[in-house]
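Have a look at the structure below before the remarks.
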2 protein chains.
Amino acid sequence: MSLAEIVDIRGCGERRSLRCGACKGLFGSLSEDERAALERMRRQSSFASKELVFAQGDAASRVFSLSEGVARIYKLLPDGRRQVTGFALAGDFLGLTLMEHHALTAEAIEPTVACSFPRAAFRRLIDGNLVALRRMNQLVTQELATAHERMMMLGRYTAEEKMAAFLLTWRERQGGRGEAADITPLPMSRRDIADYLGLTIETVSRTFTKLERAGVVEIVAGGARIADEARAHQLATASTTG
Amino acid sequence: MSLAEIVDIRGCGERRSLRCGACKGLFGSLSEDERAALERMRRQSSFASKELVFAQGDAASRVFSLSEGVARIYKLLPDGRRQVTGFALAGDFLGLTLMEHHALTAEAIEPTVACSFPRAAFRRLIDGNLVALRRMNQLVTQELATAHERMMMLGRYTAEEKMAAFLLTWRERQGGRGEAADITPLPMSRRDIADYLGLTIETVSRTFTKLERAGVVEIVAGGARIADEARAHQLATASTTG
DNA sequence: CGCCCTATTGACACACCTCAAGAGGTGTGG
DNA sequence: CCACACCTCTTGAGGTGTGTCAATAGGGCG
């Protein structure tokens with residue numbers, strides 16, 4: 001009982017409504033029995049920075065729900081080329097594949113906490129519940145829409161536009177998680193940003209400098225501040241004016 | 001009655017099991033009443049080549065199910081830059097958004113036939129049926145996985161790799177729809193391919209020529225043939241060997 | 001047959017990449 | 001607490017894959 005409480009406090013239980021919004025949204029409609037069953041299967045893990053959550057090719061045995069921290073999600077090519085498909089924050093699900101093996105790698109980029117459930121059982125519970133299934137549908141459909149945005153960025157944006165779009169959408173998702181005033185923390189490395197945007201680290205670095213000189217952003221250690229909202233927005237939407 | 005039959009033959013009814021696999025998969029589990037209700041709302045449309053099905057920004061009033069033809073799905077930037085997010089074939093759904101307005105444009109690229117249903121009613125029926133909802137979930141999740149592949153292509157593949165990957169995956173999806181022997185029809189224009197791969201028409205054209213000179217493919221009017229399967233596959237997966 | 005649209009090809013330009021050097025920050029072990 | 005090692009980031013110089021601009025060829029349709 002006391003052990004359960006300790007676990008709860010740091011994971012999906014007690015504080016679920018605060019951190020683990022995804023869990024709550026999905027599990028809210030399950031029966032008492034179902035929730036108890038889930039709770040029994042739930043496991044909590046902590047990941048240090050750079051620690052793998054799961055790797056491309058691994059058997060997809062568990063589904064994860066981030067409750068704290070940030071993870072990078074990426075695909076690798078045989079020769080080492082990398083595409084970061086996204087960054088996961090508290091409240092995001094990881095490993096929701098239909099395949100038996102992961103097509104993506106997930107890796108913590110700062111100290112991260114996640115609950116996990118056996119994928120098969122998780123799937124079975126969701127699949128048996130209309131409300132949960134609708135919610136899941138919403139989540140995946142939403143992700144697909146942002147994937148389309150990403151395609152536009154990757155295929156048709158310039159480096160400057162990519163960086164502006166990245167900074168704005170990242171700030172948006174963080175939603176005031178930033179410590180000081182209006183500084184958006186950037187826990188990911190230049191390489192992560194480069195691999196997210198289809199650029200090289202050098203281009204990312206140079207473009208940061210260029211945007212800073214133009215007064216659009218201000219780069220500080222571990223973060224950035226949007227100095228010129230209008231211009232940043234213009235770049236991010238590839239509006240030709242200006 | 002006879003009119004209904006005529007409509008059926010060309011649409012989602014009588015021949016549904018042949019062409020409109022998506023409809024069948026989704027609607028198979030609905031009740032008699034529900035299917036009858038759907039049938040009453042069903043409308044069938046034909047689209048000439050280059051005709052719009054719906055446009056980015058339009059109210060998303062109806063959901064479409066292609067039963068014949070091919071459509072390009074794309075996003076536009078204010079200055080005309082375009083990203084083709086995909087090509088839709090018979091059996092594919094179009095306009096499955098959660099938003100009130102389309103974020104994508106859909107346009108026929110050859111004579112195309114589609115059934116459509118009011119989006120709200122369609123959604124309501126799917127959302128009330130576990131089996132249909134699961135199937136829908138599968139479809140969207142599958143699409144999300146291919147979107148991740150596309151990100152890798154757009155961000156990290158060379159022009160040559162992009163073209164090889166495109167040809168192979170397109171041939172795969174067509175699945176022997178080709179007329180002659182092993183020739184894969186390419187109903188889309190060079191511009192469509194370019195905007196799909198994040199290239200220009202000139203680069204697409206030059207890369208086709210390059211691949212042809214290298215003996216990898218053979219370009220014929222309106223189509224292509226993979227001449228060197230192994231090499232094409234190698235390029236498409238960005239395997240370094242060779 | 002002639003118009004128009006699409007595809008190909010060439011010459012050149014440039015955005016971004018590659019290679020390389022150096023600065024700055026951080027953690028660790030003595 | 002310092003000093004070294006290591007890692008990330010920045011900046012520079014130069015190269016290249018792909019874009020741009022332009023001319024020509026090919027194909028379909030009225």
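Numbers restart at 1 for each chain; the letters A, B, ... are given by sequence-line order, proteins then strands.
- Side-chain N/O atoms of K210(B) include none lying less than 4.0 angstrom from OP1 or OP2 on dT18(D).
- Between the side chain of T112(A) and the backbone N or O of E110(A) there is at least one donor-acceptor pair closer than 3.5 Å.
- When atom types are taken as modelled, the side chain of R150(A) and the backbone of H148(B) share no donor-acceptor pair closer than 3.5 angstrom.
- The backbone N or O of V113(A) lies less than 3.5 Å from no partner atom in the side chain of S46(A), so there is not a single donor-acceptor pair.
- Residue S205(B) is in base contact, counting any heavy-atom pair closer than 4.0 Å across all strands shown.
- Not a single salt bridge (Lys or Arg N to Asp or Glu O under 4.0 Å) links E202(A) to another residue, sequence neighbours left out.
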At a cut-off of 3.5 Å, list every protein nitrogen or oxygen paired with a nitrogen or oxygen from nucleotides 22-27 of chain C, distance to 0.1 Å.
none

Under 3.5 Å, which protein N or O atoms sit close to an N or O of nucleotides 16-19 of chain C? Give each pair with its distance.
from: dC16(C); atom 1: OP1; to: A159(A); atom 2: N; distance (Å): 2.9
from: dC17(C); atom 1: OP2; to: T200(A); atom 2: N; distance (Å): 3.3
from: dC17(C); atom 1: OP2; to: T200(A); atom 2: OG1; distance (Å): 3.2
from: dC17(C); atom 1: OP2; to: T203(A); atom 2: OG1; distance (Å): 2.5
from: dT18(C); atom 1: O4; to: R206(A); atom 2: NH2; distance (Å): 2.8
from: dC19(C); atom 1: N4; to: E202(A); atom 2: OE2; distance (Å): 3.0

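- As judged by a 4.0 angstrom heavy-atom cut-off over every strand, K162(B) is placed among residues making no nucleic acid contact.
- No donor-acceptor distance shorter than 3.5 angstrom exists from the side chain of E161(A) to the backbone of A238(A), with no hydrogens or angles considered.
- Between the side chain of R119(A) and the main chain of A60(A), a donor-acceptor pair closer than 3.5 Å is present.
- Summarising the geometry, the separation between CZ on F208(B) and C1' on dT6(C) is reported as 14 Å, rounded to the nearest angstrom.
- For the 3.5 Å distance criterion, the side chains of Q234(B) and R231(B) qualify, holding a donor opposite an acceptor.
- What separates CG of D195(B) from P of dG19(D) is a distance of 11 Å, to the nearest Å.
- Salt-bridge annotation for D195(B) and K75(B): absent, with no side-chain N of the basic residue lying under 4.0 Å from a carboxylate O of the acidic one.
- For the OP1/OP2 pair of dT6(C) and a distance below 4.0 Å, the side-chain nitrogens and oxygens of R191(B) include no atom meeting the criterion.
- Between I193(B) atom CD1 and dG19(D) atom P the separation is 14 Å, expressed in whole Å.
- Using modelled atom types, one side-chain atom of Q56(A) and one backbone atom of L76(A) make a donor-acceptor pair closer than 3.5 Å.
- Rounded to whole Å, the distance from CD1 on I201(B) to C1' on dC21(D) is 11 Å.
- Remark: P of dA7(C) and CE of M163(B) are 11 Å apart, rounded to the nearest angstrom.
- Here dT20(D) presents its P atom at 11 Å from CG of D79(B), a figure rounded to the nearest Å.
- With dT9(C), dT8(C), dC9(D) as the candidates, the nucleotide lying closest to the side chain of R190(B) is dT8(C).
- For the pair L197(B) CG and dG19(D) C1', the computed distance is 15 Å after rounding to whole Å.
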